[in-house]
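Quick caveat, the model's predicted, so the values are computed rather than measured. The basis for the numbers below is simple: all heavy atoms, side chains too, and nothing from hydrogens, waters or symmetry mates.
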Amino acid sequence: MVYFDNAATSFPKPDKVYDSIMKAMKEYGANPGRSGHKLALKLGREIFETRELLAKLFNIKNPMNLIFTFNCTESLNIGIKGILNKGDHVITTSMEHNSVLRPLKALEKEGIEITIVRGDSAGRINPKDIEKSIKKNTKLIITTHVSNLTGTIMPIKEIGNIAKDNGIYYLVDAAQSAGVYSIDVEKMGIDILAFPGHKGLLGPQGTGGLYIREGLAVKEITQGGTGSISHLLEQPDISPDRYESGTPNGPGIVGLGAGVKYILENGIENIRKHEEDLTKYFIEEITKIKDVKVYGPLNIEEQGAVVPINIGDEDSSEISYILDQNYDIEVRPGLHCAPIAHKTINTFEQGVVRFSFGPFNTHDEIELGIKAIKAISKEL
């Protein structure tokens, strides 16, 4: 089996991720931050270590400004709904995932004003178009770092500077970049960073995180038990407790920590270089195949390890089915929870077949993928 669906969930994980989760479950799977016995304290320390590792990876000065969630969608909902109020204006782009667009559409009904900046046919966003969209009541700019459809790498540092110069908060969706591309929240002017644990960070599903800049007032969207200030009925206003009600996914967070350790030990630049090499070769070869349409910038300076294709006018789900059933190659077809992005690159009706590569894919697997596309194209 050849797995080319890493943009949905990275697979497989490093062995140490599996081992750490099993150890946490079997040896100290208590409830952290509640009880005072040694098992609870052990898991609490492991969770804090993961918080510190992520802070190191993203250059977050205070690890307590990084909160754990169950996925990037939850992180984005907190960041978006915790900042915007009736009468506020928000700027986003046509290349966003529904995890950004659906919360915004829900808030639109409550009086939030939305501007969606359109990308070009390769999914690129011009920062000047964002700057031109700023109004007196603009409070937040939201962009993805790397498109989940085209792999387009967005100029987040430039956008961050625009936001800072205009006194606007900047939220970055790092679903496709965290763990592969260097992210420095200080240098890039990122006020809020949302990320999943189960993709490039190589952790398990059910993990994610949200960085909130020191001093930035973001409302929590869930209240409940935190194991802290329990004599009060009001939600604590300290971070991360304010945002982490209920029992966390302790073993999952430990596994996420193991994934981040793997990245730090092996070097994020080495992981990125490996994925760039695979992506570059894949793009070079499939663009030579008759009737194959390839989308995105088509160069690794502007495109991550996500490559969407179509074969003629064939339905993307049909091509994906053939790849799975006849070649044991796993990809994702359809609209990828990004309908406006598909309209931007003119693939809304057909969808695309998305190939997405990870650190454990090999050159031989890329060759198998290319051969399969050639064979299917010839047959059809």
Side-chain angles (χ1 to χ4, degrees), residues 9-75 77-78 178-179 193-212 214 218 220-266:
T9 289
S10 60
F11 178 81
K13 314 293 184 181
D15 287 340
K16 62 172 59 181
V17 171
Y18 301 122
D19 295 341
S20 66
I21 295 170
M22 183 63 71
K23 184 176 182 180
M25 288 289 292
K26 293 179 70 174
E27 296 185 15
Y28 49 94
N31 201 320
R34 273 69 177 168
S35 304
H37 53 71
K38 53 181 170 288
L39 292 184
L41 293 174
K42 168 68 173 173
L43 186 52
R45 284 192 292 270
E46 293 287 325
I47 289 173
F48 184 72
E49 182 183 357
T50 300
R51 213 184 295 271
E52 288 185 311
L53 288 166
L54 286 163
K56 180 179 180 181
L57 185 68
F58 300 134
N59 191 29
I60 296 168
K61 293 179 178 179
N62 182 1
M64 304 306 277
N65 291 329
L66 192 150
I67 67 172
F68 288 116
T69 63
F70 293 103
N71 47 57
C72 193
T73 298
E74 183 186 7
S75 300
N77 271 267
I78 296 170
L193 179 73
F195 58 90
H198 65 99
K199 297 186 182 184
L201 292 173
L202 305 177
Q205 294 175 1
T207 60
L210 182 70
Y211 159 72
I212 302 172
E214 186 90 38
V218 175
E220 77 281 358
I221 60 174
T222 304
Q223 294 80 33
T226 61
S228 61
I229 317 180
S230 296
H231 61 288
L232 296 180
L233 296 183
E234 291 77 23
Q235 188 77 358
D237 61 0
I238 56 173
S239 184
D241 302 37
R242 178 177 182 177
Y243 308 99
E244 294 183 350
S245 294
T247 300
N249 179 6
I253 294 171
V254 172
L256 172 57
V260 177
K261 280 183 185 177
Y262 178 90
I263 293 165
L264 292 171
E265 289 169 0
N266 288 274

Q: Take Glu265 and Lys16, measure what salt bridge (Lys or Arg N to Asp or Glu O under 4.0 Å) needs, and give me the verdict at the end.
A: CA-CA 12 Å; Glu265 289 169 0; Lys16 62 172 59 181; 2.8 Å; yes
Q. Does the side-chain contact (heavy atoms from CB on, under 4.5 Å) test come out yes or no for Leu57 and Phe195, once each step is laid out?
A. CA-CA 12 Å; Leu57 185 68; Phe195 58 90; over 6 Å; no
Q | Candidate pair Glu46 and Lys42, rule salt bridge (Lys or Arg N to Asp or Glu O under 4.0 Å), full reasoning | A | CA-CA 6 Å; Glu46 293 287 325; Lys42 168 68 173 173; 3.1 Å; yes
**Q.** Verdict with supporting geometry, Met64 and Phe48, side-chain contact (heavy atoms from CB on, under 4.5 Å)
**A.** CA-CA 9 Å; Met64 304 306 277; Phe48 184 72; 3.6 Å; yes
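Rounding to the nearest 0.5 angstrom, the gap separating the CD atom in Glu214 from the CD1 atom in Ile60 is 11.5 Å. Between the OG1 atom in Thr50 and the CZ atom in Phe68 there is a gap of 5.5 Å [rounded to 0.5 Å]. Here Asn31 contributes atom CG and Thr247 contributes atom OG1; the two are 3.5 Å apart, rounded to the nearest 0.5 Å. Of the inter-residue distances, the one linking Lys13 atom NZ with Ser20 atom OG reads 11.5 Å to the nearest 0.5 angstrom. Note: Ile67 CD1 to Leu54 CG = 12.5 Å, rounded to the nearest 0.5 Å. Atom CD1 in Ile263 sits 5.0 Å away from atom CG in Leu201 (nearest 0.5 Å).
No side-chain heavy atom of Pro196 sits less than 4.5 Å from a side-chain heavy atom of Asn71. Ile229 has its side chain out of reach of Glu234: every pair of non-hydrogen atoms, C-beta onward, lies at least 4.5 Å apart. Annotation: side chain of Ile212 is not in contact with side chain of Ser239 (no heavy-atom distance under 4.5 Å).
Of all non-hydrogen atoms in Arg242 and Asp237, the two that sit nearest each other are CD-CA, 4.1 Å. When every heavy atom of Leu41 is checked against every heavy atom of Gly36, the shortest pair comes out as CD1-O, 3.3 Å. Residues Asp241 and Gln235 come closest through the heavy atom pair O-NE2, 4.0 Å. When every heavy atom of Ser75 is checked against every heavy atom of Gly209, the shortest pair comes out as OG-O, 2.8 Å. In terms of heavy atoms, Thr9 sits closest to His198 at OG1-ND1, 2.9 Å. Annotation for Ala40 and Ser35: closest pair CB-O, 3.5 Å, computed over non-hydrogen atoms.
Salt bridge status for Glu52 with Lys56: absent, with no side-chain N to carboxylate O gap under 4.0 Å.
Using a 3.5 Å distance cut-off with no hydrogens or angles, the side chains of Ser245 and Thr222 do not pair a donor with an acceptor.
Taking a 6.0 Å sphere around OH of Tyr18, one finds it holds more than 12 heavy atoms contributed by other residues, nucleotides or ligands.
Between the side chain of Tyr243 and the main chain of Val218, a donor-acceptor pair closer than 3.5 Å is present. Between the side chain of Asn249 and the backbone N or O of Gly252, at least one donor-acceptor pair lies under 3.5 Å.
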